[in-house]
Number of protein chains: 2
Amino acid sequence: MGFTYDYEMPSVAVDCVIFGLDLDDNTLKVVLVERGLEPFAGKWAIPGGFVRKGESLDEAAMRELREETGIDEVFLEQLYTFGGPGRDPRGWVISVAYYALVSPDKHSIVAATDARRAQWFPANRLPRLAFDHTSILEVALERLRGKLTYAPIGFELLPEKFTIKQLQRLYEIVLGRTLDNRNFRKKIFSMNVLRELDEMQQGVPHRAARLYKFDVRKYKQLTSRGMSFEL
Amino acid sequence: MGFTYDYEMPSVAVDCVIFGLDLDDNTLKVVLVERGLEPFAGKWAIPGGFVRKGESLDEAAMRELREETGIDEVFLEQLYTFGGPGRDPRGWVISVAYYALVSPDKHSIVAATDARRAQWFPANRLPRLAFDHTSILEVALERLRGKLTYAPIGFELLPEKFTIKQLQRLYEIVLGRTLDNRNFRKKIFSMNVLRELDEMQQGVPHRAARLYKFDVRKYKQLTSRGMSFEL
DNA sequence: CCAAAAGTGTTGGGACTACACCCATGA
DNA sequence: TCATGGGTGTAGTCCCAACACTTTTGG
């Protein structure tokens, strides 16, 4: 311990809610890992682990994400810190929760890194979870829904190149209501944050849709002019 | 320590940004305390202290608030957790930051509880602060500004009974721009969350303004109908 | 040629902005 | 009576929601 301090000290963990979008069955998914050890052995939980001395909380979250799921270089943001007494039967554990958004390109990594049995679950049909992880997930979902409408984070859940319809579906899935496609297109085009590509969607049994990319540069110009991204 | 754990453990503190509104000089203020001990002895800092075993983070924040400023029963919300290595020269300290909103009725308490010299400072003209408290304050201000426009938290900064003009000034001060009084009134009345009182403002050298109260009941009806509070 | 999804405009209503004057009160 | 802030209405504009058909492509 680095200095004199009279009180007992807690362990500090990071836990990470990992969101992914399944474009095949149009659902929002979450990565859970099966616990090998007590307490809650055999139960599903959000991936996480203890913070190490010398690393920041963000670094700890990134490290856990990488170690437990193989995922790297994704959107990762601090969510909330859970510290109630009794949330961990082993003792006093404070957990800094994060949430990550993973594009479908990287979903396969999760399945492959099977050391501790990581799996995708539909976000609205989850098993009973270890610890207070159900509450953490609720908070994460609320945050995702809220932030989606005023920040351009939805793109993190899509492949780099996507169609407008995919973007629209993403909003519909997360917000839980249908959107009018004409109005949605008008809105998204009017804020001018997409770059139109010369490529078309491939391998669909009907008219192919145009592909777009999120244009970070345009977005930064937008925000620097004081404009904001709104649904 | 309650269970076997191989890594070194951090101390966990709560720090609390306390906002108050000064209706005399129309500024947003923040409570700072002067540090008595090293490190940063003599510097100003956000009130805070270590979390104790057996209490939740919210409880710890409330306790610190009460101990250091005498303030009790106010709006208090978790803000963000700061955990970078090197943020405290004494060693590894993770700090869960909170922010509180205090009505002018209670401002005097702060001055009275002078044990550790607590003082109000204008939020936009602060001294150099201890630790990383300047960044914590920036995050807190951003959050306050953001949340003010979509949640009815502004009332927490006003006395129980207030005039529409005071409410408007609050928004102008925090958001940093002037608002049209006619439009502001229309907007605030149209959402129907205020109860008009039979009382008038007292002791002003001009026409007295009507007093209003925030009506929690009406607000709950509003949100339960799916409507939301927007600026 | 058929099935399936892509892509495209217009209109009406509600909300926001901009703007200026009279009213009530205490000194 | 005057100085000071309280309180009020309207018109133009913009944004949003509602709504249905034609186009393109692969099978």
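Chain letters run A, B, ... following the sequence lines, proteins first, then strands; residues in each count from 1. Predicted model only: the values in this text are computed from it and were never measured. Worth knowing before you read on, the calculation uses all heavy atoms, side chains too, and leaves out hydrogens, waters and symmetry mates.
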Rounded to the Å, how far apart are [X] [atom1] and [N] [atom2]?
X: Asn181(A); N: dA6(C); atom1: CG; atom2: P; answer: 9 Å
X: His206(B); N: dG5(D); atom1: NE2; atom2: C1'; answer: 5 Å
X: Arg207(A); N: dG27(D); atom1: CZ; atom2: P; answer: 16 Å
X: Phe184(A); N: dC15(D); atom1: CZ; atom2: C1'; answer: 17 Å
X: Met200(A); N: dA5(C); atom1: CE; atom2: C1'; answer: 14 Å
X: Gln202(B); N: dG26(C); atom1: CD; atom2: C1'; answer: 12 Å
X: Gln168(A); N: dA5(C); atom1: CD; atom2: C1'; answer: 12 Å
X: Lys186(B); N: dC19(C); atom1: NZ; atom2: C1'; answer: 10 Å

Subject >> CA sep, side-chain torsions, deciding dist, call: Tyr150(A), Phe229(A), ring-ring contact (aromatic ring centres under 6.0 Å, His included) >> reply: CA-CA 5 Å; Tyr150(A) 69 87; Phe229(A) 182 96; 9.2 Å; no
Original post:
Is the shortest side-chain N to carboxylate O distance from Glu77(B) to Lys147(B) below 4.0 Å?
Top reply: yes
Original post:
Phe131(B) and Phe40(B): ring-ring contact (aromatic ring centres under 6.0 Å, His included), yes or no, with the steps?
Top reply: CA-CA 8 Å; Phe131(B) 306 106; Phe40(B) 300 104; 4.8 Å; yes
Original post:
Out of dT8(C), dG9(D), dC19(D), which has the shortest distance to the side chain of Asn183(B)?
Top reply: dG9(D)
Original post:
Any side-chain donor-acceptor pair under 3.5 Å between Tyr98(B) and Asp58(B)?
Top reply: yes
[X] side chain near [N] phosphate (N/O to OP1/OP2, under 4.0 Å):
X: Arg182(B); N: dC19(C); answer: no
X: Lys187(B); N: dA15(C); answer: no
X: Arg210(B); N: dG7(D); answer: no

Subject >> Residue whose closest nucleotide on DNA chain D lies nearer the 5' end, Phe189(B) versus Pro205(B) >> reply: Pro205(B)
